[in-house]
Undergrad: 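Right, I'll just put the structure down here and ask away after.
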Amino acid sequence: MKISDKPKKTKTGQYSTNEETLLKYSEHEIVGKILEFRQIMKLKSTYVDALPELINPRDNRIHTTYMQAVASTGRLSSQNPNLQNIPIRTERGRAVRKAFIPSSDSRVILAADYSQIELRLMAEMSQDPAMLEAFESGEDIHSATAAKVFDVDPSEVTRNMRDKAKMVNFGIIYGISAFGLGQRLGISRTEASELIENYFKLYPGVKAYMDGSIELARKNGYVETLLKRRRYLSDINSRNATVRGFAERNAINAPIQGSAADMIKVAMIKVDAIFRKEGIKSDMILQVHDELVFDAEKSELEIIRPIIEREMREAMPELKVPIKVDMDTGANWLEAH
DNA sequence: CGTGTCACG
DNA sequence: ACGTACGTGACACGT
């Protein structure tokens, strides 16, 4: 349509048509139509059409395969079908999630998920006093961060300030860069740099931990999780700054993401052991990185709720940072959230 | 089979 | 000057 003089191209020279690029031309009515069409086709092809084809005739259920040696951080991955990317963010997507229901009338779906697990592990592994205090006092971590970074009273924190602080917190876990944060927040690199600088003043232990992780990777060639799972980083001393930067962000992210993976795996093993020993009939059916999903007998709910909550929370009993587990039940997976 | 896109944590 | 926030899997499409 010759909308732009200098259309954005992909790495291989084709016109970019991803959502972020199209939204720069949102004044053209075709943009919204294309994005809505894409969303519907994605949901239809990936879920609505595909999932019924994967029903096992022996039990009329869908079974995923969990892979334990794919993700380099120690997470599980899920394939054929991937049940770790069932939609939840849009209304049409949520309609798909509603289709995941209990196996009989005597059951409900129970979902239990770790609250802010990766940020809590950042607090634990860095032993940063202010971040530990924020979790120990039970405050909303993103609001608490916003209040301090923007230097306002906690009651004065706006939605916008909290959203920004949340993005910085996520960025920290990913091995932050001013460029990446700026892009996410739609602000300049300079502004993003100032935000990060304020953040590190607030949480100096986090900064020291991040630098230490990179240092350790340089010295040993790998980083490790709380349970000593290693991620080797052969590019950590690369002369190519882009390649090296990638490895440095991995050095920060892998111990955090990987320790969360260690922790939920321990919880799964312990929950399974207790369920067996106690003759529990309810079934642990899904793991989605920080969440466990159960096909639960209503008559067993009062027994299993505290078991699941405790075993997830205490999977690593030596932690100083408090661990919080949220839990709910419903007639389908969506309602259980 | 590679690329681009988009679904999730 | 370049090129970047972490980890995945599935689908459509072109080669």
Side-chain angles (χ1 to χ4, degrees), chain A residues 8-22 34-51 53-54 64-90 92-94 96-97 111 113-119 121-122 166-185 189 192 195-196 210 213 223 231 233 235 240-261 264 286-293 333 337:
Chain A
K8 186 163 185 288
K9 301 280 189 70
T10 68
K11 202 186 324 178
T12 52
Q14 306 189 60
Y15 292 118
S16 292
T17 69
N18 65 16
E19 184 168 357
E20 187 189 350
T21 304
L22 290 186
I34 290 170
L35 292 176
E36 185 177 22
F37 176 83
R38 285 234 185 107
Q39 180 196 60
I40 291 168
M41 291 308 289
K42 183 76 168 191
L43 295 174
K44 181 170 186 291
S45 60
T46 306
Y47 306 101
V48 179
D49 293 340
L51 291 178
E53 298 296 316
L54 294 168
T64 188
T65 299
Y66 282 111
M67 308 299 289
Q68 294 211 71
V70 172
S72 43
T73 54
R75 276 188 174 183
L76 301 184
S77 74
S78 162
Q79 62 176 219
N80 191 30
N82 181 358
L83 294 185
Q84 292 179 321
N85 74 342
I86 298 303
I88 195 169
R89 290 172 187 171
T90 68
R92 286 191 185 96
R94 286 192 280 276
V96 171
R97 188 167 281 236
D113 64 283
Y114 284 112
S115 165
Q116 309 290 355
I117 186 63
E118 292 188 355
L119 219 45
L121 288 172
M122 176 59 91
K166 183 177 174 181
M167 281 295 158
V168 181
N169 278 330
F170 267 102
I172 289 296
I173 292 164
Y174 296 155
I176 203 159
S177 75
F179 180 94
L181 179 66
Q183 184 153 306
R184 272 299 176 112
L185 288 178
R189 269 201 315 289
L195 217 52
I196 293 169
M210 292 170 66
S213 283
V223 290
R231 176 162 185 179
L233 295 166
D235 292 332
N240 180 323
T242 304
V243 171
R244 188 175 63 248
F246 207 166
E248 288 173 351
R249 292 192 295 279
N250 285 156
I252 294 161
N253 174 261
I256 302 294
Q257 191 180 123
S259 294
I264 196 168
L286 291 174
Q287 188 256 44
V288 192
H289 309 307
D290 64 355
E291 172 186 15
L292 297 178
V293 182
W333 193 4
H337 255 98

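Chain A is the first sequence line, chain B the second, and so forth, proteins listed ahead of strands; every chain is numbered from 1.
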Undergrad: Taking the minimum atom-to-atom distance to the side chain of A/Thr242, which one of C/dA5, C/dG3, C/dC6 wins?
TA: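 Selected nucleotide (nearest to the side chain): C/dG3.
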Undergrad: Taking the minimum atom-to-atom distance to the side chain of A/Ser77, which one of C/dA5, C/dG7, C/dT8 wins?
TA: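 Closest of the options to the side chain of A/Ser77: C/dT8.
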Undergrad: A/Ile176 CD1 to C/dT4 P: how many Å, rounded?
TA: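 Taking atom P of C/dT4 as the reference, CD1 of A/Ile176 is at 17 Å.
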Undergrad: Could you state the atom-to-atom distance from NZ of A/Lys42 to P of C/dC13 in whole Å?
TA: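 One finds 12 Å between P of C/dC13 and NZ of A/Lys42, rounded.
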Undergrad: Could you tell me whether the side chain of A/Arg97 and the main chain of A/Ile86 form a donor-acceptor pair under 3.5 Å?
TA: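 Yes; at least one donor-acceptor contact below 3.5 Å.
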Undergrad: Whole-Å distance between C/dC11 C1' and A/Glu53 CD?
TA: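 After rounding, the gap between these two atoms is 15 Å.
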Undergrad: Measure from the side-chain heavy atoms of A/Arg184 and tell me the nearest of C/dG7, C/dA5, C/dG9.
TA: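 Ranking C/dG7, C/dA5, C/dG9 by closest atom to the A/Arg184 side chain puts C/dA5 first.
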Undergrad: Tell me, please, the opening and closing nucleotides of DNA chain B, 5' to 3', among those with an atom under 4.0 angstrom from a non-hydrogen atom of chain A.
TA: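 Under 4.0 Å from chain A, the extent on DNA chain B is B/dT3 to B/dG9.
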Undergrad: With a non-hydrogen cut-off below 4.0 angstrom, is A/Ile88 in contact with a base, only sugar-phosphate, or nothing?
TA: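 Sugar-phosphate, backbone atoms only, no base.
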Undergrad: Counting only heavy atoms not in A/Phe37, do more than 12 sit closer than 6.0 Å to its CZ atom?
TA: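 Atom CZ in A/Phe37 is not packed in, count stays at 12 or less.
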Undergrad: Starting at atom CG of A/Leu195, determine the distance to atom C1' of C/dA5, rounded to an integer number of angstrom.
TA: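 Taking atom C1' of C/dA5 as the reference, CG of A/Leu195 is at 14 Å.
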Undergrad: With distance as the sole test, does A/Thr10 use its side chain to make a donor-acceptor pair with the main-chain N or O of A/Ser16 at under 3.5 Å?
TA: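 No: the side chain of A/Thr10 does not pair with the backbone of A/Ser16.
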Undergrad: Calculate the interatomic distance between A/Gln183 atom CD and C/dT4 atom P; express it in whole Å.
TA: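 Result: 9 Å.
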Undergrad: Provide the distance between the two P atoms, one in B/dT5 and one in C/dA5, to the nearest whole Å.
TA: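 Comparing P positions in B/dT5 and C/dA5 gives a spacing of 15 Å.
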Undergrad: Hey, does A/Arg89 reach any base, or is it just sugar-phosphate, or nothing, if we go heavy atoms under 4.0 Å?
TA: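 Here A/Arg89 touches the bases of the nucleic acid.
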Undergrad: With heavy atoms under 4.0 Å as the rule, sort A/Gln257 into base, sugar-phosphate or nothing.
TA: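 Touches a base.
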Undergrad: So, is the end of the A/Lys9 side chain (NZ or CZ) under 6.0 Å from the ring centre of A/Tyr15 and within 45° of the ring's axis?
TA: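 Judged by the rule, A/Lys9 and A/Tyr15 form a cation-pi pair.
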Undergrad: Evaluate the criterion side-chain hydrogen bond (donor to acceptor under 3.5 Å, both in side chains) for residue pair A/Gln84 and A/Ser78; output intermediate values, then yes/no.
TA: CA-CA 6 Å; A/Gln84 292 179 321; A/Ser78 162; 4.8 Å; no
Undergrad: Under 4.5 Å between any side-chain heavy atoms of A/Leu76 and A/Gln68, yes or no?
TA: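 Side-chain contact under 4.5 Å: yes.
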Undergrad: Given atom CD of A/Gln14 and atom C1' of C/dA12, what is their separation to the nearest angstrom?
TA: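 These atoms are roughly 13 Å apart.
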Undergrad: Please confirm whether the backbone N or O of A/His289 pairs with a side-chain atom of A/Gln287, one donor and one acceptor, at under 3.5 Å?
TA: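 Yes, the answer is positive, given that a donor and an acceptor are paired below the 3.5 Å cut-off.
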Undergrad: Just so I know, are the side chains of A/Leu83 and A/Trp333 near enough to count as touching, which here means a heavy-atom distance under 4.5 Å?
TA: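 Sidechains of A/Trp333 and A/Leu83: no contact.
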Undergrad: Taking only the P atom of each, what is the distance from C/dA1 to B/dC6 in whole angstrom?
TA: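 Each nucleotide's P atom is 32 Å from the other's.
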Undergrad: With sugar-phosphate meaning primed atoms plus P, OP1 and OP2, does A/Glu19 contact a base, only sugar-phosphate, or nothing at under 4.0 Å between heavy atoms?
TA: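 Answer is sugar-phosphate: A/Glu19 comes under 4.0 Å of backbone atoms only.
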Undergrad: For A/Arg244, which contact category applies under a 4.0 Å heavy-atom criterion: base, sugar-phosphate, or nothing?
TA: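 Nothing, no heavy atom under 4.0 Å.
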Undergrad: As a check on the pairing definition, encode DNA chain C in dot-bracket form, counting Watson-Crick and G-U wobble pairs whose two distances are under 3.5 Å, and using | for partners outside this strand.
TA: .....|||||||||.
Undergrad: Give one of base, sugar-phosphate or nothing for A/Ile86, where a contact means two heavy atoms less than 4.0 Å apart.
TA: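 Sugar-phosphate contact only - A/Ile86 comes under 4.0 Å of backbone atoms but never of a base.
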Undergrad: Using OP1 and OP2 only, check whether a side-chain N or O of A/Asn85 sits under 4.0 Å from C/dG7.
TA: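 So the side chain of A/Asn85 is outside the cut-off, no N or O lying under 4.0 Å from OP1 or OP2 of C/dG7.
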Undergrad: Give a yes or no answer on whether the side chain of A/Thr21 reaches the backbone of A/Thr17 with a donor-acceptor pair at less than 3.5 Å.
TA: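 Checked: no pair found.
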Undergrad: For A/Phe170 and C/dC6, give me the distance from atom CZ to atom P, rounded to whole Å.
TA: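 That distance rounds to 14 Å.
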Undergrad: Please report, rounded to the nearest Å, how far the P atom of C/dT4 is from the CD1 atom of A/Ile252.
TA: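 Atom-to-atom, A/Ile252 to C/dT4, this comes out as 18 Å.
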Undergrad: I want to check one thing: is the phosphate of C/dG7, taken as OP1 and OP2, less than 4.0 Å away from some side-chain N or O of A/Arg75?
TA: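 No.
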Undergrad: Regarding A/Ala50, tell me which of base, sugar-phosphate or nothing describes its non-hydrogen contacts under 4.0 Å with the strands shown.
TA: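 Sugar-phosphate: the residue A/Ala50, judged by heavy atoms under 4.0 Å, touches backbone atoms but no base.
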Undergrad: With a 4.0 Å limit, can you tell me whether A/Thr73 has a side-chain N or O closer than that to the phosphate oxygens OP1/OP2 of C/dG7?
TA: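 For C/dG7, neither OP1 nor OP2 has a side-chain N or O of A/Thr73 closer than 4.0 Å.
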Undergrad: Using modelled atom types and a 3.5 Å cut-off, is there a donor and acceptor pairing between side-chain atoms of A/Asn253 and backbone atoms of A/Ile173?
TA: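 Yes, the answer is positive, given that a donor and an acceptor are paired below the 3.5 Å cut-off.
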Undergrad: Scan A/Met41 against the nucleic acid and name what it touches under 4.0 Å (heavy atoms): base, sugar-phosphate only, or nothing.
TA: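 The answer is nothing, as A/Met41 stays clear of every strand by at least 4.0 Å.
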Undergrad: Base, sugar-phosphate, or nothing for A/Gly171, non-hydrogen atoms under 4.0 angstrom?
TA: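 Answer is base: heavy atoms of A/Gly171 come under 4.0 Å of a base.
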Undergrad: Is any side-chain heavy atom of A/Glu19 closer than 4.5 Å to a side-chain heavy atom of A/Arg38?
TA: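 The answer is no, as the side chains (C-beta and beyond) never meet within the 4.5 Å cut-off.
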